Amino acid sequence: MKLLQQTFYNLKRQPVIAGVTIIGTALSIFLIMVVVMLHQVRVLPFSPESNRDRMQHYHYISFGNTNWGDPLENNSNGPMSYKVVRELFYQLEEPEVVTAYLCQPVVKSVCLPKQKPFSADVREVDDAYFKVFDLDFVSGSPYTKADFDAGLPKAVIDENVATRLYGTTDAVGKEFLLNGASYKVTGVVKPVSTIATNAYSHIWMNTTSNCNYDNNWSTLGGWYSVTILAKDNSKESMDAVHSEVERRVTEYNKQIGVEGWQIVNRNRPYTQEKDVAGGSANIEPDEKAARKSRWIIFGILLIVPAINLSSMTHSRLRRRVSEIAVRRAFGQTKVSTVISVINENLIITLIAGVLGLVLSVVMAYFFGNMLFSQGYNFSLSQPETDMSMLMSWSTFGWALLFCFVLNILSSGIPAIQASRQPLVDSLRGGGNNH
């Protein structure tokens, strides 16, 4: 409490320097936390992708044919055919569940008979999809495996679609037209943000209700992606899934090799973090390089303001030379002097850090459509965020860590210099000024 009172007293004595220091620190933390949030919303679990920590994705398949030359050099890359999904992924035994779904939602016409149609994003999914992605059902439930196997025209819709169609979210059991075909609603869910790239859509329709789902542009290439949910997020469980997929790919390559085909696995499937680090289907993501790039950015955002704040701290301490000298004259050691200056500066940094964190959350919340826009995404909805996506214990932890590091960088050297000031010169009020 005494340290807090002393800190606020010193801030009042030098309001301009104190204000610039707090604002500068806040802006630094703000920029760092925006970078952290941009990464975290793509990696950390949040509903309806609450199981990200045990997901492994096989979004794209790479394959070649001996007629094209060496498959390792000449290959095609993109979503996979449903034939591959059935023969390769639905047969896996290690995972808890495997789901296959349309790699990107497509825009379709939605309406009731004799009503004006409107456009909505529609994703074809299997029944297991709702076990992997925890969509928040407000009424009804997903369609069943029996529905999937029978190819019944059933769908799950979000609240916005339900309201536009029926004027209410009470839509379970009702029918609507999807590109002219009649579908029955089995459940209504809360809207999903486009930030949840694998769970996002307005309507989730039964894949097998589309008679064209098995018509693909190639034997191996098609329109579908796969997400595999391990039994838990332990390394053993995740490695077991990965090893089984690699083993199955090797076995499957022997089957299709008779016709000259070969899957180039590129070390798939990828964890959530590795998957978002990738930019192209034909290149394996470099997870370590992505982490290194983030740390370089963090370092720049810390060191540059730390240099400026160090000057501010040094300026504040020069005005308090006599005060520090009196403390030392009454027995305060050099180590105690350094610690007291660092602790005092830490309080200032934490105040600024909280301000910077609040600014970053406000920025992300109100300008999320600008910050979290995604390339190669043609969805009808703009990115939306809520506090469950933006705030987590790890976010607070990062903010505190950066505040602490910034504090050490900006106050450590000035504090050491202040402690080494000749006591006689300090008492005279001179020091470096004489």
Side-chain angles (χ1 to χ4, degrees), residues 55-95 98-107 122-126 128-129 148-149 151 197-198 207-228 239-271 274-290 374-378:
M55 287 180 182
Q56 295 187 57
H57 304 289
Y58 212 112
H59 280 138
Y60 304 108
I61 189 171
S62 303
F63 61 93
N65 192 287
T66 52
N67 294 329
W68 306 348
D70 185 357
L72 295 177
E73 299 294 332
N74 302 295
N75 47 69
S76 182
N77 303 269
M80 70 192 77
S81 68
Y82 222 82
K83 178 182 179 182
V84 174
V85 172
R86 285 195 305 267
E87 298 183 8
L88 183 55
F89 293 97
Y90 280 162
Q91 307 299 322
L92 296 175
E93 298 177 354
E94 286 291 343
V98 175
T99 181
Y101 49 92
L102 201 64
C103 62
Q104 286 261 357
V106 295
V107 178
V122 181
R123 194 192 288 266
E124 298 175 15
V125 304
D126 57 19
Y129 182 88
F148 177 76
D149 292 340
T197 53
N198 300 309
T207 298
T208 54
S209 67
N210 174 13
C211 61
N212 294 318
Y213 77 96
D214 221 3
N215 294 333
N216 301 288
W217 57 271
S218 166
T219 302
L220 302 178
W223 318 111
Y224 299 93
S225 296
V226 165
T227 293
I228 306 165
D239 287 348
V241 169
H242 196 277
S243 297
E244 186 184 13
V245 172
E246 288 187 324
R247 187 168 62 252
R248 287 286 299 149
V249 169
T250 301
E251 294 171 358
Y252 193 58
N253 273 338
K254 292 178 182 178
Q255 287 181 243
I256 61 179
V258 177
E259 299 178 358
W261 295 105
Q262 179 183 336
I263 295 175
V264 182
N265 197 39
R266 303 196 196 284
N267 207 30
R268 296 182 175 101
Y270 302 145
T271 62
K274 186 171 183 177
D275 187 64
V276 301
S280 304
N282 62 337
I283 300 174
E284 180 181 350
D286 192 337
E287 194 175 2
K288 292 182 178 179
Q374 300 161 17
Y376 308 106
N377 191 319
F378 303 98

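Owing to the predicted nature of the structure, the values given are computational and were not obtained by experimental measurement. These values consider heavy atoms only, across backbone and side chains, with no hydrogens, waters or symmetry-generated copies.
T99 and D126 form a side-chain donor-acceptor contact under 3.5 Å, judged by distance and modelled atom types alone. Side chains of N75 and S62: no donor on one and acceptor on the other come within 3.5 Å.
Scored by the side-chain contact (heavy atoms from CB on, under 4.5 Å) test, P79 finds Y60, C103 as partners (sequence neighbours excluded). Considering only residues two or more places apart in sequence or on other chains, E94 meets the salt bridge (Lys or Arg N to Asp or Glu O under 4.0 Å) condition with none of them. Residues passing the side chain to side chain donor-acceptor pair (under 3.5 Å) test with D286, sequence neighbours excluded: none. Residues passing the salt bridge (Lys or Arg N to Asp or Glu O under 4.0 Å) test with R248, sequence neighbours excluded: E251. For T208, the side chain to side chain donor-acceptor pair (under 3.5 Å) partners two or more places apart in sequence, or in a different chain, are N206. D149 meets the side chain to side chain donor-acceptor pair (under 3.5 Å) test with K145; sequence neighbours excluded. Every residue meeting the salt bridge (Lys or Arg N to Asp or Glu O under 4.0 Å) condition with E287, not counting sequence neighbours, appears here in chain and number order: R291. Evaluation of the side chain to side chain donor-acceptor pair (under 3.5 Å) rule for E284 yields N267, K274 as partners, not counting sequence neighbours.
In this structure a side-chain-to-backbone donor-acceptor pair under 3.5 Å is missing from T271 to Q56.
Using a 4.5 Å heavy-atom threshold, the side chains of Y129 and R123 count as touching. Within the 4.5 Å cutoff, the side chain of V245 has heavy atoms near those of the L92 side chain.
Under the salt bridge (Lys or Arg N to Asp or Glu O under 4.0 Å) criterion, no residue pair touches residues 58-76, with sequence neighbours excluded.
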Identify all side-chain donor-acceptor contacts of residues 82-89 below 3.5 Å with residues at least two apart in sequence or on another chain.
{"residue": "Y82", "atom": "OH", "partner": "Y90", "partner atom": "OH", "Å": "2.9"}
{"residue": "R86", "atom": "NH1", "partner": "D214", "partner atom": "OD1", "Å": "3.4"}
{"residue": "R86", "atom": "NH1", "partner": "D214", "partner atom": "OD2", "Å": "3.1"}
{"residue": "R86", "atom": "NH2", "partner": "D214", "partner atom": "OD2", "Å": "3.1"}
{"residue": "E87", "atom": "OE1", "partner": "Y252", "partner atom": "OH", "Å": "3.1"}

Show me the side-chain donor-acceptor pairs of residues 220-227 shorter than 3.5 Å, one per line, residues at least two apart or across chains.
{"residue": "Y224", "atom": "OH", "partner": "E124", "partner atom": "OE1", "Å": "2.7"}
{"residue": "S225", "atom": "OG", "partner": "H59", "partner atom": "O", "Å": "2.9"}
{"residue": "T227", "atom": "OG1", "partner": "H57", "partner atom": "ND1", "Å": "2.9"}
{"residue": "T227", "atom": "OG1", "partner": "Y101", "partner atom": "OH", "Å": "2.6"}

Show which side-chain atoms of residues 254-265 pair as donor or acceptor with protein atoms under 3.5 Å away, not counting sequence neighbours.
{"residue": "N265", "atom": "OD1", "partner": "Y58", "partner atom": "OH", "Å": "2.5"}
{"residue": "N265", "atom": "ND2", "partner": "R268", "partner atom": "O", "Å": "3.0"}

* To do: Take I228 and E244 through the side chain to side chain contact (heavy atoms under 4.5 Å, CB included) test and state the conclusion after the steps.
  => CA-CA 11 Å; I228 306 165; E244 186 184 13; over 6 Å; no

* To do: Given side chain to side chain contact (heavy atoms under 4.5 Å, CB included), test N282 with R266 step by step and report yes or no.
  => CA-CA 8 Å; N282 62 337; R266 303 196 196 284; 4.1 Å; yes

* **Steps toward side chain to side chain contact (heavy atoms under 4.5 Å, CB included) verdict (S76, W68)** => CA-CA 10 Å; S76 182; W68 306 348; 4.1 Å; yes

